[in-house]
2 protein chains.
Amino acid sequence: MTATSYVAEQDFKRLNPVTVPSTSSFGPVGTRTFFAGDVIYRRGDKAMKIYRIDTGAVRVYRVSPSGCRNILAFHSAGEWFGLEASGHHEDYAEAICETRLRPFSTSGSMPLPVSLLDLCLRNLSFAYVRQSLIVRPTAVARVAGFIEEEACKSAGGGPEFELLMSRADIADYLGLTVESVARAFTRLSSRRIIRLDGRLHRRVRILDPSRLIVASL
Amino acid sequence: MTATSYVAEQDFKRLNPVTVPSTSSFGPVGTRTFFAGDVIYRRGDKAMKIYRIDTGAVRVYRVSPSGCRNILAFHSAGEWFGLEASGHHEDYAEAICETRLRPFSTSGSMPLPVSLLDLCLRNLSFAYVRQSLIVRPTAVARVAGFIEEEACKSAGGGPEFELLMSRADIADYLGLTVESVARAFTRLSSRRIIRLDGRLHRRVRILDPSRLIVASL
DNA sequence: CGTCAAGTTGAAGCACCTCAAGCGGGGTGG
DNA sequence: CCACCCCGCTTGAGGTGCTTCAACTTGACG
């Protein structure tokens, strides 16, 4: 179980053209833009805001005492994250691609456009789904379940969609190694259950939804 | 019905700063008693109440499409459970041993003695802890982490405590088989990190806390 | 064209799972 | 009272699948 290096995508970010974070007058706090690998908050930071994703995607993770990164959740457009029980963040949040966020202060008197309880229940529900993913016995089952999940989130159930996250991110989310994830993808691909295309093989087309479900059991 | 009543040492001061008024002041809802294996609610039941545990312990689980039981959480004295996002329960709840509960209606006009948001945040926090447990690579690491967790919850960090749940429960919680859990226990035991005693070897004494931590990494 | 990052593939080793058998305590019935 | 059964736990042997380490491919960028 190798600890993944997080330096990688930050280097990648430096190659991207730098744009000024737009401070459009949207509500009490403006929109902020992040690039792949940018840190949104760190463990230990004061938790005073919650964030809504306009475009892009975010990974929320913790680092175990042994140094392994453990991704708790991927959040994509329309979702909220950043709510903490205590006054400080217990985890890290990073953009996995170009991402526009709207922060909302939780301490201010400004009314929030979302119920904190609903938000929390939704994230709890996500957590339970992930738990049922991780305990699946084989790597193929976990990856197949992950693909189903992403298909629902990204494409509204449509057959084709783009994975925003790297294989390493998926591995740290599913509790597998990068190699096992890659092998699971190729196995599903060679069995004609999915097809992989595009840059870094991150474009997924589900060819046989019913066999994908069978594979995920 | 097996009247196997494991009388748990309760000190329910720890997690909840909320003080619960006596049942009488809350009118219609009283205390209910369950025995080991009794069902508290089922998947599909209308979710109209939340429950506070007075004494005993509860397992909350789901059943995967493939028929595997997946335990999401163990709750013990002082903790709350049963809150659902939708109007129906997505999971099952059963008593692990003799358990006294206080149900509180969430729909009534009666004020609740606990913040639903706090409750939800706490359960989310539990879920994240469990996730970091499950992804640990080896069976010994998972079981060691589980023992630490239970020591904190049951004995307030004390060196000796009683496991309320069976090895099968632990297995379904950690994503392992019963045999692997048993082997991990014996391994920790023969390495003099813990000692197992009592009925069904459920009494655990932590002999070497620091090596337990090392084993859990 | 060289470099680097991300992904894929191969080979060897080990950990977990499966199946099976063996304990041991508690409860039941003769 | 004692034998028996049942259930939970433990232990053993064999097979499978994941991890580890390593090499290779591909695409992007300068």
Side-chain angles (χ1 to χ4, degrees), chain A residues 1-17 35-37 66 68 96-97 134-144 162-172 174-190 194-204 215, chain B residues 1-6 35-37 59 66 68 96-97 134-144 162-172 174-190 194-204 215:
Chain A
M1 183 96 32
T2 45
T4 323
S5 75
Y6 339 117
V7 202
E9 301 205 29
Q10 300 194 345
D11 289 338
F12 175 70
K13 158 216 136 188
R14 281 185 216 111
L15 303 175
N16 283 335
F35 295 97
S66 52
C68 287
I96 57 182
C97 55
I134 306 178
V135 295
R136 284 176 161 89
T138 71
V140 170
R142 293 189 209 180
V143 170
E162 189 89 20
L163 289 173
L164 286 330
M165 66 290 290
S166 69
R167 300 287 192 260
D169 285 339
I170 298 173
D172 290 348
L174 296 176
L176 297 169
T177 59
V178 190
E179 296 92 331
S180 294
V181 172
R183 275 184 252 268
F185 269 109
T186 27
R187 198 115 104 243
L188 290 171
S189 189
S190 62
I194 61 170
R195 188 173 58 206
L196 295 171
D197 281 318
R199 205 183 95 82
L200 301 177
H201 281 196
R202 290 195 189 173
R203 180 142 212 94
V204 179
Chain B
M1 177 170 307
T2 49
T4 49
S5 55
Y6 319 111
F35 294 97
R59 61 172 169 253
S66 53
C68 288
I96 290 176
C97 54
I134 307 178
V135 295
R136 284 176 162 88
T138 72
V140 170
R142 292 189 210 182
V143 170
E162 189 88 19
L163 290 173
L164 288 329
M165 65 290 288
S166 69
R167 300 288 192 260
D169 286 339
I170 299 174
D172 290 347
L174 296 177
L176 297 169
T177 58
V178 190
E179 296 93 330
S180 294
V181 172
R183 275 184 252 266
F185 269 108
T186 33
R187 198 115 106 241
L188 290 171
S189 190
S190 62
I194 62 170
R195 190 174 56 207
L196 295 171
D197 280 319
R199 209 183 93 82
L200 300 176
H201 280 197
R202 291 195 188 173
R203 180 142 211 95
V204 179

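Naming: A, B, ... by sequence-line order, numbering from 1 per chain. None of the values given here were measured: they were computed from a predicted structure.
With sequence neighbours excluded, the residues that form a side chain to side chain contact (heavy atoms under 4.5 Å, CB included) with L164(A) are A57(A), I96(A), C97(A).
Going from atom CZ of R167(B) over to atom C1' of dT11(D) covers 14 Å, rounded to whole Å. To the nearest angstrom, C1' of dT26(D) lies 8 Å from NE2 of H201(A). Rounded to whole angstrom, the span from the CE atom of M165(A) across to the C1' atom of dG7(C) amounts to 16 Å. One interatomic measurement links the two molecules: CZ of F185(A) to C1' of dT9(C), which rounds to 16 Å at whole-angstrom precision. Atom-to-atom, CG of L164(A) to C1' of dA6(C) comes out at 16 Å; the value is rounded to the nearest Å. Summarising the geometry, the separation between CG on D197(B) and C1' on dG8(D) is reported as 17 Å, rounded to the nearest angstrom. Summarising the geometry, the separation between CG on L196(A) and P on dG27(D) is reported as 14 Å, rounded to the nearest angstrom. Between the CZ atom of R142(B) and the P atom of dA15(C) there is a distance of 14 Å, rounded to whole Å.
Which of dT10(D), dA28(D), dC16(C) sits closest to the side chain of R199(A) comes down to dA28(D). The side chain of S166(B) has dC9(D) as its nearest neighbour among dC9(D), dT8(C), dC17(C). Looking at the side chain of A139(A), the nearest of the listed nucleotides dG7(C), dC18(D), dT10(D) is dC18(D). In this structure, of dT8(C), dA6(C), dC18(D), it is dA6(C) that holds the atom nearest to the side chain of R202(A).
Under the 4.5 Å side-chain criterion, counting only non-hydrogen atoms from C-beta, E179(A) is not in contact with R167(A). At least one side-chain heavy atom of V140(A) sits under 4.5 Å from a side-chain heavy atom of L188(A).
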Which atoms of nucleotides 12-15 of chain D (N or O only) lie under 3.5 Å from a protein N or O atom, and what are those distances?
from    : atom 1 : to      : atom 2 : distance (Å)
dG12(D) : N7     : R183(B) : NH1    : 2.9
dG12(D) : O6     : R183(B) : NH2    : 3.1

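Within the 3.5 Å criterion, the main-chain N or O of R136(A) finds a donor-acceptor partner in the side chain of R142(A).
Axis angle between the ends of the helix from dC1(C)-dG30(D) to dG30(C)-dC1(D), five pairs each and rounded to 10 degrees, works out to 20°.
Side-chain contact check for T186(A) and S189(A): no donor-acceptor pair (N or O, by modelled atom type) lies under 3.5 Å.
Closest non-hydrogen pair, A144(A) versus A215(A), comes out as CB-C, 4.1 Å. The nearest pair of heavy atoms linking L174(B) to I134(B) is O-CG2, 3.9 Å. The shortest heavy-atom contact between G175(B) and V135(A) is CA-CG1, 4.0 Å. The minimum heavy-atom distance between A139(B) and A184(B), with the atom names listed, is O-CB, 4.0 Å.
Between V181(A) and L200(A), the one whose closest nucleotide on DNA chain D sits nearer the 5' end is V181(A).
Within the 4.0 angstrom heavy-atom criterion, no nucleotide atom of any strand lies near G198(A). At the heavy-atom level, S180(A) lies under 4.0 Å from base atoms of the strands shown.
Residue R202(B) is tested with L163(B), D197(B), L196(B) for a side-chain contact (heavy atoms from CB on, under 4.5 Å); the sole match is L163(B).
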